[in-house]
Amino acid sequence: MPVLSIIACGMLEDELVHILSKDSELKQLIVVENRDNSGFLRKLKLKNCTPRTAFLDKIQIFLKDRESLNSRTSMKFLSFLPFLNTIREKRELKEKRELTVVVNLLNLGLHSDLEKLKAKVHENIREMASFSDNILIFYGTCGHIFGKLEEEFTGLKCPLSFLKDKNGEMIEDCISLALGGNEAYARCMLEFRGMGTIYLTPMWASSWKQLENGAEGRNSTDKYLKDPLYCMAAKIDTGLENISEFDENVKEFACKYDMRITDIKGNVEIAEQSYLAAKNTVTGK
């Protein structure tokens, strides 16, 4: 059974919940156990998607044990009924197309130190490559620290996939993802030229207090956002959020920093298409 692994930013958990809960072909979902994914697991459960959880260093053992058990069961059955080889071959073909997804959701607070974030993603790529047929990097370039990941892991036997827009460009960040690509992001910035604008996705809107309280240099961040040049809070509707909760979070943010709220239409097309492309590389579709 092929394995697609996903190393994801905690800021993109809503998009992940959406694509995974909608995948009817997903045979098995495993979420890497850590202290930061309780919200992600809760959202999956609300979508009737219940994954297994395991610590990262145990996943390879779990996958091998499961594969070995399936193989032994099949061989035992066929030892008594050898004429069913055709059925066995069809079953093996079906198993090759069934998918196991392993999700490693990393702490969104890592963005406060980009070098630390880069080191953490590199570390997880190396560890997860040992049991993966493909790894989807569910991040943008994030200040260009991930812009050369493919080059940096040229010798890796496990290929890497990325969040890319319709032009084949790796997206810049989660805002670019929510808006539909780098071009859409550039158009928005041009439209709001002269008005300092903070873009808010549902996860940003629900996490800004956590990020503010946990970030180093908290006072300077607060001073930065209270600069009168920043006067606009752009609320991005991706179609996934709890509307009332999103509204409240954005209003609270805008009130604190004395910003005017404007609505922008977003989407989840890049997340959907990038996941499908990564999935197809391992299922052979």
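Only this structure's heavy atoms are used, side chains among them; waters, hydrogens and symmetry mates stay out. If you read the sequence from its start, that first residue is 1, and numbering goes on from there.
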Practice problem: Could you give me the CA-CA distance, side-chain angles and deciding distance for Val102 and Leu4, then say whether side-chain contact (heavy atoms from CB on, under 4.5 Å) is met? | Solution: CA-CA 6 Å; Val102 179; Leu4 170 64; over 6 Å; no

Practice problem: Run the numbers on Thr141 and Glu172 for side-chain hydrogen bond (donor to acceptor under 3.5 Å, both in side chains), then give the verdict. | Solution: CA-CA 5 Å; Thr141 60; Glu172 292 182 10; over 6 Å; no

Practice problem: Output, in order, the C-alpha distance, side-chain angles, deciding distance and verdict of side-chain contact (heavy atoms from CB on, under 4.5 Å) for Ile236 and Tyr199. | Solution: CA-CA 7 Å; Ile236 305 172; Tyr199 296 87; 4.1 Å; yes

Exercise. Carefully, step by step, assess Ile7 and Leu106 under the rule side-chain contact (heavy atoms from CB on, under 4.5 Å).
Key: CA-CA 7 Å; Ile7 299 175; Leu106 302 185; 3.9 Å; yes

Exercise. Dump the intermediate steps for side-chain contact (heavy atoms from CB on, under 4.5 Å) on Met259 and Cys231, then the final yes or no.
Key: CA-CA 5 Å; Met259 294 181 182; Cys231 58; 5.6 Å; no

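Applying the side chain to side chain donor-acceptor pair (under 3.5 Å) test to pairs two or more places apart or on separate chains, those with a residue in residues 2-11 are Ser5-Ser132. Listed by first and then second residue, the side chain to side chain donor-acceptor pair (under 3.5 Å) pairs involving residues 162-171 are Asn167-Glu183, Glu169-Asn182 (not counting sequence neighbours). Applying the salt bridge (charged side-chain N to carboxylate O under 4.0 Å, His left out) definition to pairs two or more places apart or across chains, those involving residues 31-50 are Glu13-Lys43, Asp14-Lys43.
The salt bridge (Lys or Arg N to Asp or Glu O under 4.0 Å) search around Glu252 returns Lys209, not counting sequence neighbours. Residues meeting the ring-ring contact (aromatic ring centres under 6.0 Å, His included) test with Phe138, sequence neighbours left out: none. With sequence neighbours excluded, the residues satisfying ring-ring contact (aromatic ring centres under 6.0 Å, His included) with Phe146 are Tyr139. Applying the side-chain contact (heavy atoms from CB on, under 4.5 Å) criterion to Asp263, with sequence neighbours excluded, gives Lys235. Remark: Asp23 pairs with Lys279 by the salt bridge (Lys or Arg N to Asp or Glu O under 4.0 Å) rule, at least two apart or across chains. Under the side-chain contact (heavy atoms from CB on, under 4.5 Å) criterion, Glu150 pairs with Phe162, sequence neighbours left out. Partners of Ile145 by side-chain contact (heavy atoms from CB on, under 4.5 Å), not counting sequence neighbours, listed by chain and number: Leu114, Leu117, Lys118, Cys142.
In this structure, Val101 and Leu99 approach most closely via the heavy-atom pair CG2-CD2, 3.6 Å. Between Gly140 and Met170 the shortest heavy-atom distance is O-CE, 3.4 Å. Residues Val282 and Pro2 come closest through the heavy atom pair O-CB, 3.4 Å. Summarising the geometry of Ala254 relative to Ile261, their closest heavy-atom pair is CB-CG1, 3.6 Å, with the distance given to 0.1 Å. The shortest heavy-atom contact between Cys9 and Leu105 is O-CD1, 3.6 Å. For the residue pair Leu177 and Ala271, the shortest heavy atom distance occurs at CD1-N, 3.7 Å.
Between Ile6 and Leu16, the closest side-chain pair of non-hydrogen atoms falls below 4.5 Å. You'll find the side chain of Trp208 reaches within 4.5 Å of the side chain of Lys256, heavy atoms only. Taking 4.5 Å as the limit, every side-chain heavy atom of Leu41 sits out of range of all side-chain heavy atoms of Thr50. At a threshold of 4.5 Å between non-hydrogen side-chain atoms, the residues Arg260 and Met232 count as touching. Side chains of Leu200 and Phe253 form a contact here, defined as non-hydrogen atoms less than 4.5 Å apart. Met203 places a side-chain heavy atom less than 4.5 Å from the side chain of Leu108. Side-chain atoms of Phe153 and Leu160, non-hydrogen and from C-beta on, do get closer than 4.5 Å to each other. Side-chain contact check for Leu44 versus Val31: some heavy-atom pair is nearer than 4.5 Å.
One finds the CD1 atom of Ile198 at 9.5 Å from the OH atom of Tyr257 (value rounded to the nearest 0.5 Å). Within the model, atoms CD1 of Ile175 and CH2 of Trp204 stand 7.0 Å from one another, a figure rounded to the nearest 0.5 Å. In this structure, the separation between OH on Tyr275 and CD on Glu15 is 14.5 Å, given to the nearest 0.5 Å. Put simply, CZ on Phe131 and OG1 on Thr100 are 11.0 Å apart, with the number rounded to the nearest 0.5 Å. Rounding to the nearest 0.5 angstrom, the gap separating the CG atom in Leu12 from the OG1 atom in Thr201 is 8.0 Å. To the nearest 0.5 Å, atoms OG1 (Thr283) and NZ (Lys27) are separated by 15.0 Å.
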Show the atom names and distances, to 0.1 Å, of all donor-acceptor pairs under 3.5 Å that link a side chain in residues 119-126 to residues at least two apart or in another chain.
residue	atom	partner	partner atom	Å
His122	NE2	Glu152	OE1	3.1
Asn124	OD1	Asn104	ND2	2.6
Asn124	ND2	Lys120	O	2.8

Could you pull out all donor-acceptor pairs under 3.5 Å where a side-chain atom in residues 184-192 meets a protein atom, sequence neighbours excluded?
none

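Two different hydrophobic clusters hold Leu276 and Val103 under the rule that ILVMFWY side chains link at heavy-atom gaps under 4.5 Å.
More than 12 heavy atoms of other residues, nucleotides or ligands lie within 6.0 Å of CG in Asn280, so this atom counts as buried by the packing criterion.
Between Asn249 and Ser206, the side chains place no donor N or O within less than 3.5 Å of an acceptor N or O (distance only, hydrogens not considered).
Judged by distance alone, the side chain of Asp173 and the main-chain N or O of Ser176 form a donor-acceptor pair under 3.5 Å.
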